[in-house]
**Q** 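Have a look at the structure that comes next, please.
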There are 2 protein chains.
Amino acid sequence: MDGSGRNVEASSTVNVEREQRILDAATKLIVHYGYDKTTVSDIAREAGVSKGAVYLHWPSKDDLFTALLLREIQLFAVEWMEMIEQDPDGGTLQGMYLHSLTVMLKRPMLKALMTQDRRILGDFMRRQGRGVLQRRNIMSAEFIRLMQEAGVVRADLDADLAAYLLACLRLGMIYIEEMLDDDQIPSLERAVPALADFIERSLAPEGGGNSEAGKRIIRAMLTALQERWAQGQIV
Amino acid sequence: MDGSGRNVEASSTVNVEREQRILDAATKLIVHYGYDKTTVSDIAREAGVSKGAVYLHWPSKDDLFTALLLREIQLFAVEWMEMIEQDPDGGTLQGMYLHSLTVMLKRPMLKALMTQDRRILGDFMRRQGRGVLQRRNIMSAEFIRLMQEAGVVRADLDADLAAYLLACLRLGMIYIEEMLDDDQIPSLERAVPALADFIERSLAPEGGGNSEAGKRIIRAMLTALQERWAQGQIV
DNA sequence: ATATGACCAGAATTGCATATCCGGTCAAAT
DNA sequence: ATTTGACCGGATATGCAATTCTGGTCATAT
């Protein structure tokens, strides 16, 4: 539970590989059965290692899960950035928002994190209420204000309300998945262009928003985040 | 369970009044404790009548609850219509949408119905899955198409996607209430004008949409609905 | 003609003893 | 130097009888 990694032999390649394999196994099982009902033995078996081996990497099940969530967030950041960089309009508000949705909706654990899904997060949520699980809103009001200064979002908007709107929309898109049958929900491929149009019309400045400026801010933001992560900071 | 009201003496004023009092009591208790944990005796006591009296109005607890939900929906329709009529822009898409949200967000039972809240709907949901609880989306794709023909919604939009967007936003606004602390959520008074602007810019035609035409459609729709209700049809 | 609440039977809950499970450890095996 | 899995104790699940609760009824009171 003390932030410092206590894994003595994490240097060799085989161990890094094994660590990832264990996290993969844990993610798969926890998404399916939930944290409480997934046992450390289950995870070890799924990863093809012994239970003891798991405890060579993390001092407790909770620490394993924390690491798993952190990795999930880091992977999100990487994939998000990649999509943004590859898309000329990736730095516009509609671009960055929809790319983040695309990445998130494909990752069940991120969805669970976003909705604070008790089925999946289980008792971990009650215990670690503050910590990894604290409200994470990548597109906060603060973020919107930065984007306004950079000419990515209309300057006359109330940043709090724009952030609120985007947060509601994102949350609704997750919840509607489990409320309606699949055939009643438009595919992401179909929905994304329409949503982009909606967001652009309502939140972007005349002319569509400065994509390059947007990319620059996100690059800086993620670099700073990765810095913090490299220093072992979990926040 | 057969749609016909079996309440033999529902004609006299005192009984109509008592019926409403019982429904009020039931709504209050069920919103607070959930359907399963609210007993018929509780409801009777809260309404100041005997248990037997409750069964003079409805043949079973489930029927009482069905009546309660139907009344909730009818009240929604009335209040929604009133707000629309009083607002010159009430017939625009942003007007009708936000008025519906305003009415809904103030009524806990409607929110529960909208989110299929198991805490409140309890076992009734599993038993009556089809029935009153079937997906009700007042602003369906069908509805949006009508509004397009009437010049309330931009004609070049994909109606399915516009309806999807509005449904997600509405759902997100309900869920975000229980996810964030109250002080992090903008008040409706503050949010409504901004949301109206968002919706107008993205979904309304140039010039803001034909409010009168919109009102006419909703009037017709609700009149037809009330007709059906008067005939005892629950759908 | 209405309204009541004691009453009924089945369902749900409680209490509790027993059995199982699971996070975490560490002596032994590799 | 690594890795394993048998083992430990507290937590959780299970089985089951006794008890309480609750939806629904109806003889009686008003």
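Here is how names work: the chains are called A, B, and so on, in the same order as the sequence lines, proteins then strands, and each is numbered from 1.
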**Q** In terms of side-chain heavy atoms of A:Thr39, which of D:dG24, D:dT3, C:dG23 is nearest?
**A** C:dG23
**Q** CZ of B:Arg18 versus P of C:dT2: gap in Å, rounded?
**A** 10 Å
**Q** Starting at CG of B:Asp62 and ending at C1' of D:dG23, how long is that distance when rounded to a whole Å?
**A** 10 Å
**Q** Rounded to the Å, how far apart are A:Arg45 CZ and D:dT3 P?
**A** 20 Å
**Q** Salt-bridge test for B:Arg127 and B:Asp62: reply yes if a basic N is under 4.0 Å from a carboxylate O, no otherwise.
**A** yes
**Q** Side-chain donor-acceptor pair under 3.5 Å between A:Asp42 and A:Thr39, yes or no?
**A** yes
**Q** If each of A:Tyr35 and B:Lys37 is mapped to the nucleotide of DNA chain C with the nearest heavy atom, which maps nearer the 5' terminus, i.e. the 5' end?
**A** B:Lys37
**Q** In whole Å, I'd like the distance from the CG atom of B:Asp123 to the C1' atom of C:dA12.
**A** 11 Å
**Q** What is the distance, to the nearest angstrom, from the CD atom on B:Glu19 to the C1' atom on C:dA3?
**A** 16 Å
**Q** 5'-most contact on DNA chain C: A:Asp36 or A:Gly52, nearest heavy atom basis?
**A** A:Asp36
**Q** What integer distance in Å separates B:Phe65:CZ from D:dT22:C1'?
**A** 17 Å
**Q** Would you mind checking if A:Glu85 and A:Arg219 are paired as a salt bridge, meaning a charged N to carboxylate O distance below 4.0 Å?
**A** yes
**Q** In whole angstroms, how far is the P atom of D:dA6 from the OH atom of A:Tyr55?
**A** 16 Å
**Q** To the side chain of B:Leu56, which of D:dG23, D:dT4, C:dT4 is closest?
**A** C:dT4
**Q** Could one point to a donor on the side chain of B:Lys61 or the base of D:dG24 with an acceptor on the other under 3.5 Å away?
**A** no
**Q** Could you state the CG-P distance from B:Asn15 to C:dT4, rounded to the nearest angstrom?
**A** 11 Å
**Q** In terms of side-chain heavy atoms of B:Lys51, which of D:dC7, D:dG24, C:dT4 is nearest?
**A** D:dG24
**Q** Would you say CZ of A:Arg118 has more than 12 non-hydrogen atoms from neighbouring residues, nucleotides or ligands within 6.0 angstrom?
**A** no
**Q** Does either side chain, that of A:Ser60 or that of A:Asp63, offer a donor lying less than 3.5 Å from an acceptor on the other one?
**A** yes
